[in-house]
Amino acid sequence: MSKIFFTYVILGIVQVFVLNRISLFGCATPLLYIYLILPFRRNYPKWIIILCGFIMGLSMDIFTNTPGVAAASTTFLAFIQPLILNLFVQKDSADDMMPTIKVLGMRRYVYYTLICVFIYCLLFFTIETFNFFNWQQWLLNIGGSTLLTALLIIVIENMRKR
């Protein structure tokens, strides 16, 4: 548990002081802190995943001045993470299986990551924008941030694998 907390603190600091200042082409911001929601083991208690997601989002909201946006988005992602994971896991796999590239394989892990990050970005930017007057920018933010965040998560996961 202390390793997870340490990783969360490091990712939070990197997110607040470095990644939030990045905006590629004015639309792609890496939201790397959601990486900690993805590796929850299969059949882990849902309430713990949801609570961790809420605390993570709330702390990001406090430090990034996005009142409730990250908390709502991470809580929802934490809620649906077990459901999405079950789409990519074989039924006869271990109950305590951790979703990694090594376990799922590259293709399934990439799909799993893309779906989770897309759902998170869709909800995050929809709540943040809260209108559809500038729907092109909204779509660019969702698409750009999804691709950039998923790419960073896959790179980190690849590095962890070795």
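From a predicted model like this one, the values you see are computed outputs, not experimental measurements.
Distance CZ/Phe54 to OG/Ser73: 12.5 Å, rounded to 0.5 Å. Once rounded to the nearest 0.5 Å, the distance linking CE of Met106 with CG of Asn158 reads 4.0 Å. Taken to the nearest 0.5 Å, the CG atom of Leu32 stands 12.5 Å off from the CD1 atom of Ile10. The line from CG of Leu152 to CG of Leu147 is 11.0 Å long, rounded to the nearest 0.5 Å. Atom OG1 of residue Thr75 and atom CD1 of residue Ile49 lie 12.5 Å apart, to the nearest 0.5 angstrom.
Residues Ile156 and Met98 do not share a hydrophobic cluster, clusters being chains of Ile/Leu/Val/Met/Phe/Trp/Tyr side chains in contact below 4.5 Å. Under the 4.5 Å side-chain heavy-atom criterion for ILVMFWY residues, no single connected hydrophobic cluster contains both Leu140 and Leu114.
Using a 4.5 Å heavy-atom threshold, the side chains of Ile119 and Phe76 count as touching. Two residues are said to be in side-chain contact when any heavy atoms from C-beta on lie closer than 4.5 Å; Leu77 and Cys116 meet this criterion. Between Met56 and Ile37 there is a side-chain heavy-atom pair separated by less than 4.5 Å.
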Audit row: Asn134, Thr129, side-chain contact (heavy atoms from CB on, under 4.5 Å) steps and yes/no: CA-CA 9 Å; Asn134 194 359; Thr129 304; over 6 Å; no
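Residues forming a side-chain contact (heavy atoms from CB on, under 4.5 Å) with Ala72 (at least two apart in sequence, or on another chain): Ile127. Remark: Tyr35 engages no residue in a ring-ring contact (aromatic ring centres under 6.0 Å, His included) (not counting sequence neighbours). Residues passing the side chain to side chain donor-acceptor pair (under 3.5 Å) test with Thr64, sequence neighbours excluded: Thr66. For Ile13, the side-chain contact (heavy atoms from CB on, under 4.5 Å) partners at least two apart in sequence or on another chain are Val9, Phe17. A search for ring-ring contact (aromatic ring centres under 6.0 Å, His included) contacts involving Phe125 returns nothing, not counting sequence neighbours. For Pro67, the side-chain contact (heavy atoms from CB on, under 4.5 Å) criterion is met by no residue, not counting sequence neighbours.
The minimum heavy-atom distance linking Gly53 with Ala78 is given by the pair CA-CB, 4.1 Å. Across all non-hydrogen atoms, the minimal contact from Pro30 to Gln15 is O-NE2, 3.0 Å. Listed here is the closest heavy atom pair of Ile142 and Cys121: CG1-O, 3.9 Å. The heavy-atom pair separating Gly57 from Thr74 by the smallest distance is CA-OG1, 3.2 Å.
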Validation: residues 79-89 side-chain donor-acceptor distances under 3.5 Å, sequence neighbours left out:
from, atom 1, to, atom 2, distance (Å)
Gln81, NE2, Leu38, O, 3.2
Gln81, NE2, Phe40, O, 3.3
Gln81, NE2, Tyr112, OH, 2.9
Asn86, ND2, Pro82, O, 3.3

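Residues in residues 138-155 take part in these side-chain hydrogen bond (donor to acceptor under 3.5 Å, both in side chains) pairs, two or more places apart or across chains: Thr126-Trp138, Gln137-Asn141. Residue pairs satisfying the side-chain hydrogen bond (donor to acceptor under 3.5 Å, both in side chains) criterion with at least one member in residues 113-125, sequence neighbours excluded, are listed as follows: Tyr33-Tyr120.
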